[in-house]
Trainee: 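First the structure, then my questions, so here it is.
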Amino acid sequence: MIMALIVIGGEMLISIYQYYQPAQVHPIYRIPAKQSDDTLRVLFIGDSWAAYHQVHDSILAMMLSSSIYKPCVVKSIGNVGAKSKEVYERLFSSTKPFILEHPDYCIISAGINDAVAKMGVDYYTSNYMNLLDFLISQEIVPIVLDIPDVDYYAVFSRETLVEKFRHRMSAVVNSVGDFSFLTYRKALTDKLESSEKGDSIIYIKASKWISSGTKYFLEDGIHLNDKGYQLLDSCLSDQIRISIQKQHAPYAPQAPV
């Protein structure tokens, strides 16, 4: 009986330890060369913000097409509640078919769930850097969306007692404050600066496209409404156009004559 309890306790400790550990780095797989047509391909991956963007894919595609005067395809795939670890690991499972299409740009929405669950900045930044390393190695330009200041209190108020307790314990274990996304934002920007990846990515601060308040969010205070996605897509379109102009890529905007 005592041995059984020791084994069970050991397994629980291992499970808890693994829960807080970042993803192990997976071997990078080969993807086909970019297609020879003049179509711009954009992929949006991550959490629920990516999942709920699917109905807006055609709108962003039209914005881009009218901006760069080329055909554009936008595809979104996300998972509600996904943390950065899951977003990275899905590059090797459910997201892989989309990566194999070799998009030119990949928008990433990840971090809100890490912060809410108090996973810690090391967990978050390690997984995020793995994401960026993979995309850059495949010659896909990552577009990093800054963690926005969503209504954390609204999220906290909907949590069950078990979730509240688990997240409080996580905050203690990982030395993370309760009600701010600033710690995570700063940790990632510091990591990016020290890694010298600035020329290989597009980093979009939340303050660049959305203001404080609730008019761009659904009633839950965390997910974008149509107006919110319109603002985000407008910013994404502008940033991709600017990136293309800087690269002097074959998509460089040229108005039809």
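Scope of the values below: all heavy atoms of this structure, side chains included, with no hydrogens, waters or symmetry mates.
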Trainee: What residue among Asp38, Asp104, Asp37 forms salt bridge (charged side-chain N to carboxylate O under 4.0 Å, His left out) with Lys70?
Mentor: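 So the option named by the test is Asp38.
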Trainee: Find the distance between CD1 (Ile240) and CD1 (Ile143) and round it off to the nearest 0.5 Å.
Mentor: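 If we round to the nearest 0.5 Å, Ile240:CD1 and Ile143:CD1 are 4.0 Å apart.
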Trainee: Using 0.5 Å steps for rounding, measure from the CG atom of Asn79 to the OG1 atom of Thr95.
Mentor: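 OG1 of Thr95 is found 7.0 Å from CG of Asn79.
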Trainee: Tell me whether Leu40 shares a hydrophobic cluster with Met62, the cluster being built from Ile, Leu, Val, Met, Phe, Trp, Tyr side chains joined at under 4.5 Å.
Mentor: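 As far as the 4.5 Å side-chain criterion goes, Met62 and Leu40 are not connected within one cluster.
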Trainee: Do Gln247 and Ser243 have a side chain donor and acceptor closer than 3.5 Å?
Mentor: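 Indeed, the side chains of Gln247 and Ser243 share at least one donor-acceptor pair under 3.5 Å.
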Trainee: Is there a path of hydrophobic side-chain contacts, each under 4.5 Å between heavy atoms of I, L, V, M, F, W or Y residues, that connects Leu218 with Leu232?
Mentor: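 Shared cluster, no.
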Trainee: With a 4.5 Å cut-off on side-chain heavy atoms, are Asp233 and Val74 touching?
Mentor: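 A side-chain contact under 4.5 Å is absent here.
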Trainee: Counting distance only, does the side-chain N/O of Ser195 pair as donor-acceptor with the main-chain N or O of Lys191 below 3.5 Å?
Mentor: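 Side chain of Ser195 to backbone of Lys191: a pair is present.
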Trainee: Examine distances only and state if a side-chain atom of Tyr52 and a backbone atom of Asp47 form a donor-acceptor pair shorter than 3.5 Å.
Mentor: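 Side chain of Tyr52 to backbone of Asp47: no pair is present.
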Trainee: Check the angle between the aromatic planes of Tyr124 and Tyr128 and answer parallel, tilted or perpendicular using the 30° and 60° thresholds.
Mentor: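 Perpendicular, since the angle between the ring planes exceeds 60°.
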Trainee: To the nearest 0.5 Å, what is the distance between CD on Gln245 and CD1 on Ile242?
Mentor: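 If I round to the nearest 0.5 Å, the distance is 7.0 Å.
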Trainee: If you define the side chain from C-beta out and look only at heavy atoms, does anything of Ile140 sit under 4.5 Å from His102?
Mentor: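 They are in side-chain contact.
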Trainee: Take Tyr123 and Tyr184, measure what side-chain contact (heavy atoms from CB on, under 4.5 Å) needs, and give me the verdict at the end.
Mentor: CA-CA 10 Å; Tyr123 173 97; Tyr184 288 82; over 6 Å; no
Trainee: For Ser109 versus Leu145, what's the shortest heavy-atom pair and its separation?
Mentor: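 The answer is CB-CD1, 4.2 Å.
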Trainee: Is atom CD of Gln230 surrounded by more than 12 heavy atoms (other residues, nucleotides or ligands) closer than 6.0 Å?
Mentor: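 Not buried by this count: 12 neighbours or fewer within 6.0 Å.
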Trainee: Whether the side chain of Gln138 engages the backbone of Tyr29 through a donor-acceptor N/O pair (distance < 3.5 Å, no angle test) should be reported.
Mentor: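 Side chain of Gln138 to backbone of Tyr29: a pair is present.
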Trainee: Does Val150 form a side-chain contact (heavy atoms from CB on, under 4.5 Å) with Val116? I'd like the steps, not just the answer.
Mentor: CA-CA 10 Å; Val150 298; Val116 169; 5.9 Å; no
Trainee: Would you say Ile31 and Val73 are hydrophobically clustered, going by side-chain heavy atoms of ILVMFWY under 4.5 Å?
Mentor: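 They do not share one cluster, since no chain of ILVMFWY contacts under 4.5 Å joins Ile31 to Val73.
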Trainee: Does the side chain of Trp209 reach to within under 4.5 Å of the side chain of Tyr216, using non-hydrogen atoms?
Mentor: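 No, every pair of side-chain atoms sits at 4.5 Å or beyond.
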Trainee: Between Leu236 and Gln239, does the side-chain contact (heavy atoms from CB on, under 4.5 Å) criterion hold? Intermediate values first, please.
Mentor: CA-CA 5 Å; Leu236 288 168; Gln239 291 302 306; 5.9 Å; no
Trainee: Among the clusters formed by ILVMFWY side chains lying less than 4.5 Å apart, do Leu231 and Met63 turn up in the same one?
Mentor: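 No, Leu231 and Met63 fall in different hydrophobic clusters.
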Trainee: Does Phe44 reach the side chain of Phe98, with side-chain heavy atoms less than 4.5 Å apart?
Mentor: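 Counting from C-beta outward, Phe44 and Phe98 never come under 4.5 Å.
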Trainee: Output yes when a side-chain donor or acceptor of Ser194 lies under 3.5 Å from a complementary backbone atom of Asp190, and no otherwise.
Mentor: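 Here the side-chain-to-backbone pair exists.
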Trainee: Can you name the closest pair of heavy atoms from Ala50 and Gly78 and give their distance?
Mentor: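 Taking every non-hydrogen atom into account, CB-CA, 3.9 Å.
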Trainee: Contact between Leu64 and Ser237 at the side-chain level, heavy atoms closer than 4.5 Å - yes or no?
Mentor: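 Result yes, sub-4.5 Å side-chain heavy-atom pair found.
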Trainee: Give me the atom names and distance for the closest heavy-atom approach of Arg185 to Pro148.
Mentor: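 What the structure gives for the nearest pair is NH1-C, 4.0 Å.
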Trainee: As an exercise, state the distance from CE of Met119 to OG of Ser84, rounded to the nearest 0.5 Å.
Mentor: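 So the gap between those two atoms works out to 8.0 Å.
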Trainee: How about Ser126 and Asn130: do any of their side-chain heavy atoms sit closer than 4.5 Å?
Mentor: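 With C-beta onward as the side chain, the pair touches.
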Trainee: Rounded to the nearest 0.5 Å, what's the gap from OG1 on Thr183 to CD1 on Ile147? Could you check?
Mentor: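 Answer for the OG1-CD1 pair, Thr183 versus Ile147, is 10.0 Å.
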Trainee: Is it the case that over 12 heavy atoms from other parts of the model lie below 6.0 angstrom from the NZ atom of Lys197?
Mentor: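 Correct, the count exceeds 12.
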Trainee: Decide side-chain contact (heavy atoms from CB on, under 4.5 Å) for Val87 and Asn113; before the verdict, give the C-alpha distance in whole Å, the side-chain angles of both, and the deciding distance to 0.1 Å.
Mentor: CA-CA 11 Å; Val87 177; Asn113 296 305; over 6 Å; no
Trainee: Before you tell me yes or no, could you show the steps for Asp114 and Lys85 under salt bridge (charged side-chain N to carboxylate O under 4.0 Å, His left out), namely the whole-Å CA-CA distance, both residues' side-chain angles and the distance that decides it to 0.1 Å?
Mentor: CA-CA 9 Å; Asp114 297 60; Lys85 183 176 184 177; over 6 Å; no
Trainee: Parallel, tilted or perpendicular, judged at 30° and 60°: which one describes the rings of Tyr88 and His26?
Mentor: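 Geometry flag for His26 against Tyr88: tilted rings.
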Trainee: Are the side chain of Asn225 and the backbone of Lys215 linked by a donor-acceptor contact shorter than 3.5 Å?
Mentor: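 Yes, Asn225 side chain to Lys215 backbone: donor-acceptor pair under 3.5 Å.
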Trainee: Can you name the nearest heavy-atom pair linking Ser94 to Ile77, along with the distance?
Mentor: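 Closest heavy-atom pair between Ser94 and Ile77: O-CD1, 3.6 Å.
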Trainee: Starting from Ile59, can I reach Tyr69 by hopping between I/L/V/M/F/W/Y residues whose side chains sit under 4.5 Å apart?
Mentor: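 No, no single cluster joins them.
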Trainee: Does any non-hydrogen side-chain atom of Leu192 lie less than 4.5 Å from one of Thr125?
Mentor: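 Counting from C-beta outward, Thr125 and Leu192 never come under 4.5 Å.
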Trainee: Donor-acceptor pair, distance only, cut-off 3.5 Å: does the side chain of Trp49 make one with the backbone of Tyr229?
Mentor: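 No, the answer is negative, given that no donor and acceptor are paired below the 3.5 Å cut-off.
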Trainee: Quick one: closest heavy-atom pair of Cys235 and Ile204, and the distance?
Mentor: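 Looks like SG-CG2, 3.7 Å.
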Trainee: Please report the interatomic distance SG(Cys106) to CZ(Arg41), rounded to the nearest 0.5 Å.
Mentor: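 It comes to 14.5 Å.
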Trainee: Name all residues meeting the side-chain hydrogen bond (donor to acceptor under 3.5 Å, both in side chains) criterion together with Lys75; count only those two or more places apart in sequence or in a different chain, and write none if there are none.
Mentor: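 Partners of Lys75 under the side-chain hydrogen bond (donor to acceptor under 3.5 Å, both in side chains) test: Glu101.
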Trainee: Between Ser137 and Phe134 (side chain of the first, backbone of the second, donor and acceptor by atom type, cut-off under 3.5 Å), is there such a pair?
Mentor: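 Yes; at least one donor-acceptor contact below 3.5 Å.
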Trainee: Does the side chain of Thr189 come within less than 4.5 Å of Asp146's, by heavy atoms?
Mentor: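 No, side chains not in contact.
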Trainee: So, Lys246 and Asp199, do they make that salt bridge, N to O below 4.0 Å?
Mentor: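 Not counted as a salt bridge, because no side-chain N and carboxylate O are separated by less than 4.0 Å.
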Trainee: Which heavy atom in Val141 sits nearest to a heavy atom in Ser200, and how many Å separate them?
Mentor: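 Scanning both residues completely, I find the closest heavy atoms to be CG1-O, 3.9 Å.
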